[in-house]
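Okay, so here's the structure we're looking at.
Every value quoted in this text rests on a predicted model; they were computed, and no experiment measured them. First the proteins, then the strands, lettered A, B, ... as listed; each starts at 1.
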Protein chains: 2
Amino acid sequence: MGHCHKWGQKFIDFGFRLTAARECIFEILLKTDAHLSAEDIYMAIHKINPAIGLTTIYRTLELLEQNGIVRKFEFGHGRAKYELNEEYEGKKHHHHLICEKCHKIVDYSEFVKEEKEYIKKAENGLEKKYGFSIKDHLIDFYGICPDCKKE
Amino acid sequence: MGHCHKWGQKFIDFGFRLTAARECIFEILLKTDAHLSAEDIYMAIHKINPAIGLTTIYRTLELLEQNGIVRKFEFGHGRAKYELNEEYEGKKHHHHLICEKCHKIVDYSEFVKEEKEYIKKAENGLEKKYGFSIKDHLIDFYGICPDCKKE
DNA sequence: TTAATAATGAAAATGGTTTTCATTTTCGTT
DNA sequence: AACGAAAATGAAAACCATTTTCATTATTAA
């Protein structure tokens with residue numbers, strides 16, 4: 001369990017406690033390919049351990065986010081979605097393709113080379129010009145998915 | 001008033017009515033450089049015409065968004081922000097630089113050439129591979145602004 | 001074992017946004 | 001100018017994801 005050990009250790013190093021609820025939430029995020037909302041995680045966890053409440057999910061997700069273990073996405077249709085940070089996931093660096101009709105989210109990992117070039121240039125330039133220390137970026141594409149085009 | 005005419009005509013063409021409230025909301029969006037929330041607009045409009053309610057602001061913004069006249073951004077700190085679409089604004093194509101501490105938003109228009117190349121490649125590829133019709137994209141950078149770095 | 005501290009669940013509160021509904025405004029037609 | 005259908009509106013209530021409160025339980029270090 002290389003993954004678990006790594007994240008668990010990090011969690012303890014940060015000064016937090018590695019509780020059953022927290023491990024469970026991490027596991028759920030690790031096992032899924034989807035972009036889960038707090039409630040999605042609550043549903044999943046409820047089957048395993050019905051004692052864990054929604055509040056704990058929210059609190060854990062916030063903690064994980066603040067420590068760079070998960071990323072929170074607000075795609076803008078009610079609920080926020082959470083994803084394990086790439087460094088904790090098997091997944092490659094990816095971005096999102098979002099259907100404006102059905103709100104489906106597709107991950108893609110193409111054009112990383114081209115993206116990296118552009119991002120590097122932009123980051124350096126922006127750091128210089130605006131004095132920001134840039135930590136992260138977000139790239140999303142919006143459109144209509146094949147299923148919705150049919151209708 | 002080239003701007004106004006253009007948007008007003010479009011609005012009527014869509015089959016909507018060009019009311020005082022709607023014109024006023026458009027004007028406020030046109031005059032500002034900031035990213036306004038529904039409540040920001042409400043505050044601004046209240047000085048001009050106190051009869052206009054917050055509900056109308058929300059309804060108008062939704063209408064404008066659905067017809068491609070404004071863009072809605074959910075940067076993820078409570079309230080959504082609205083911006084006039086570039087085609088209605090004097091502004092250049094731009095993206096956002098967001099401070100993770102104070103949530104300040106800086107617009108930037110640099111690296112458009114590099115961006116365009118990358119976007120074009122990505123869009124074409126993604127349309128082919130995933131069958132999406134891509135309509136739009138979002139690029140944001142996150143970091144710490146100069147002011148927040150001082151502390 | 002024992003304090004001190006952190007984590008938790010349930011319930012209540014929060015707050016931006018949406019819905020409801022009764023009223024008013026607009027616009028094409030007389 | 002007046003009429004009637006459809007659209008737009010404001011106020012208040014409802015919504016609903018998320019946060020906060022608070023009393024209880026679990027964990028850790030001594």
What integer distance in Å separates [X]:[atom1] from [N]:[atom2]?
X	N	atom1	atom2	value
A/Leu63	D/dT20	CG	C1'	17 Å
A/Glu23	D/dA26	CD	P	17 Å
B/Leu61	D/dT9	CG	P	12 Å
B/Arg79	C/dT14	CZ	P	16 Å
B/Ile12	D/dA8	CD1	P	12 Å
B/Leu64	D/dA8	CG	P	12 Å
A/Ile57	D/dT18	CD1	C1'	13 Å
B/Arg59	C/dT20	CZ	P	11 Å

For residues [X] and [Y], report the shortest heavy-atom separation together with the two atoms involved.
X	Y	answer
A/Asp107	A/Asp33	OD2-O, 4.3 Å
B/Tyr130	A/Pro146	O-CG, 3.1 Å
B/Cys99	B/Ile144	SG-CA, 4.1 Å

Exercise for the section: Spell out, as yes or no, whether a donor-acceptor pair under 3.5 Å connects the side chain of A/Asn85 to the backbone of A/Gly68. Expected result: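 Between the backbone of A/Gly68 and the side chain of A/Asn85 there is a qualifying donor-acceptor contact (under 3.5 Å).
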Exercise for the section: Please check if the side chain of B/Lys72 supplies one atom and the backbone of A/Gly76 the other of a donor-acceptor pair under 3.5 Å. Expected result: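 Such a contact is absent between B/Lys72 side chain and A/Gly76 backbone.
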Handout entry: Positions of residues 39-54 of chain A (non-hydrogen atom under 4.0 Å from DNA chain C), listed by number
Key =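 Going residue by residue through residues 39-54 of chain A, the ones with a heavy atom under 4.0 Å of DNA chain C turn out to be A/Ala51, A/Ile52, A/Gly53.
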Quick one: label [X] by what it contacts on the DNA or RNA (base, sugar-phosphate, nothing), any heavy atom closer than 4.0 Å.
X	answer
A/Thr19	sugar-phosphate
A/Arg22	sugar-phosphate
B/Arg17	base

Exercise for the section: For B/Thr55 and for A/Ala20, find the nucleotide of DNA chain C with the closest heavy atom, then tell me which residue's nucleotide is more 5'. Expected result: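 Counting from the 5' end, the first nearest nucleotide belongs to A/Ala20.
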Exercise for the section: Using a 4.5 Å cut-off on heavy atoms from C-beta on, say whether the side chain of A/Phe75 contacts that of A/Lys81. Expected result: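 Counting from C-beta outward, A/Lys81 and A/Phe75 do come under 4.5 Å.
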Exercise for the section: Kindly indicate whether the side chain of A/Phe16, heavy atoms from C-beta on, has any atom under 4.5 Å from the side chain of A/Asn67. Expected result: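 A/Phe16 reaches A/Asn67 side chain to side chain.
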Handout entry: Phosphate OP1/OP2 of D/dT19 contacted by A/Tyr58 side-chain N/O (<4.0 Å)
Key =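 Negative; the distance criterion is not met.
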